[in-house]
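All chains are named by letter (A, B, ...) in the order of the sequence lines, taking the proteins before the strands, and each is independently numbered beginning at 1.
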2 protein chains.
Amino acid sequence: MVQAKTELFDSKLRDKANLFKALSHPARLQILQFLSHSKKCITGDISEDLPLGRTTVNQHLKELKDIGLIQGHIEGVKTKYCLNPEKINELKSLITEFIEDLKLNNYKCS
Amino acid sequence: MVQAKTELFDSKLRDKANLFKALSHPARLQILQFLSHSKKCITGDISEDLPLGRTTVNQHLKELKDIGLIQGHIEGVKTKYCLNPEKINELKSLITEFIEDLKLNNYKCS
DNA sequence: TAATTTTGACGTATATTTGCGTCAAACTTA
DNA sequence: TAAGTTTGACGCAAATATACGTCAAAATTA
C-alpha cells in the first residue's frame, strides 16, 4: 500500500503537480528552450543538442508530448516537433495563478 | 552508468528543474497553500490537513525546507513552519523568466 | 518525578524515473 | 531492388521518490 496516494488530492492540485513534474528535469527544459529558439525541430537535431543518448531524449520528448506541451508532425521518415502554444499559455496561466495564490502581502509567521 | 547525468546540464537549468521538482507533488503544493492561507503553521496541523501520514508529511516539509521555500522555527516541543517570502519571490521570478523565454510570438513549426 | 505530546532521524518496502541498448518498421537514396 | 536513415516501441538496470513504521530526544503537563 505504497504510492497511488496522489488521487487523494484535489484534481486541480494534481494537474498542477503534473505540469511541474514535466518541467522537473533539465533535459526537458532544454528541449523546450531549443524548440522555441531554433527553427529546426527535428528529433535528431534535438538529441544532438543534449548530452544524452537519442533514445533517452526520445523518452523525454514523449513525456512532453503526452502532457501536451509539444506536438509532433511526421514528415516521411523524419518527425518534427514543435511547441504547443495553447498548452504553453495554459501552463503559464496555471503557474501564475498558483504563485499569485500564495499571497505574501503582509505575510508573517507568528 | 545510469543517472547522475543532470550535472551535464547548465547550472541555471538545473536550478530551475530542481525548483519545479519541489513543486511536482500535490502534497507539497497543498502544504504551500496551507501555509499561505492559515495562520496556524504547526507541523501537526499541516499533517492533519493532508491525506498522508505524519512522517510522510514531515518528509515533504523537509524537502520544501531544503530547497528554501519554507522555514522552520522551533518553539518548545512544537515546530512552526512558514513560507520564505524571499525564496517564493525568487521562484516567481525564475518561473516567469523561463516562461517568457519561450517566446511564442509568431511561433510556427514549419 | 512520571506520563504525555510533539517532533525529526532512521530504516525499509514499493513505485517511479532515468538512461540506454536493441530492434523492426517505414521512408530515402543509390 | 539493396543499402542506408530515422524513428519509436520495448525491455532492462540503476537511481530516486514516495509512504510509512519505529524510535529516541526534548519539552510539556499531571
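Across the protein-nucleic acid pair, A:Leu52 atom CG and C:dT18 atom P stand 11 Å apart, rounded to whole Å. The separation between A:His73 atom NE2 and D:dG8 atom C1' is 17 Å, rounded to whole Å. Regarding B:Leu8, its CG atom lies at a distance of 9 Å from the P atom of C:dC20, rounded to whole Å. The CD atom of A:Gln59 sits 16 Å away from the P atom of C:dT22 (whole-angstrom rounding). The CG-P distance, from A:Asn58 to C:dC23, rounds to 18 Å in whole Å. If you take CD1 of B:Ile74 and C1' of C:dA9, they are 13 Å apart, rounded to a whole angstrom. With rounding to whole Å, B:Glu48 atom CD is found 13 Å from C:dT5 atom P. The NZ-C1' distance, from A:Lys62 to C:dC20, rounds to 17 Å in whole Å.
To the nearest 0.5 Å, atom CG of residue B:Asn18 and atom CG of residue B:Asp66 are 11.5 Å apart.
Side chain of A:Ile42, nearest nucleotide from C:dG8, D:dT7, D:dT6: D:dT7. The A:Val77 side chain lies nearest to C:dA26 when the options are C:dA26, C:dT18, C:dT7. You'll find that the side chain of B:Glu63 is closest to D:dT18, out of D:dT18, D:dG8, C:dT28.
Under the 4.5 Å side-chain heavy-atom criterion for ILVMFWY residues, no single connected hydrophobic cluster contains both A:Ile42 and A:Leu61.
A 4.5 Å side-chain heavy-atom check between B:Ile95 and B:Lys16 finds every atom pair outside the cut-off.
Using cut-offs of 30° and 60° on the angle between ring planes, the pair B:His25 and B:His60 is tilted.
OP1 or OP2 of C:dG8 sits under 4.0 Å from a side-chain N or O of B:Tyr81. Within the 4.0 Å cut-off from OP1 or OP2 of C:dG8, at least one side-chain nitrogen or oxygen of B:Thr79 is found. Considering only side-chain N and O atoms, A:His60 lies nowhere under 4.0 angstrom from the phosphate OP1 or OP2 of C:dT17. Under 4.0 angstrom from either OP1 or OP2 of D:dT6 there lies no side-chain N or O belonging to A:Thr43.
Place A:Thr55 and A:Ser24 on DNA chain C by their nearest nucleotides, and A:Ser24 ends up nearer the 5' end. Sequence order on DNA chain D of the closest nucleotides to A:Asp45 and A:Lys21 puts A:Asp45 first from the 5' end.
A salt bridge is absent between A:Glu75 and A:Lys78: the closest approach of a Lys/Arg side-chain nitrogen to an acidic carboxylate oxygen does not fall below 4.0 angstrom.
Donor-acceptor pairing under 3.5 Å, judged by distance alone, is present between the side chain of A:Arg54 and the base of D:dG8.
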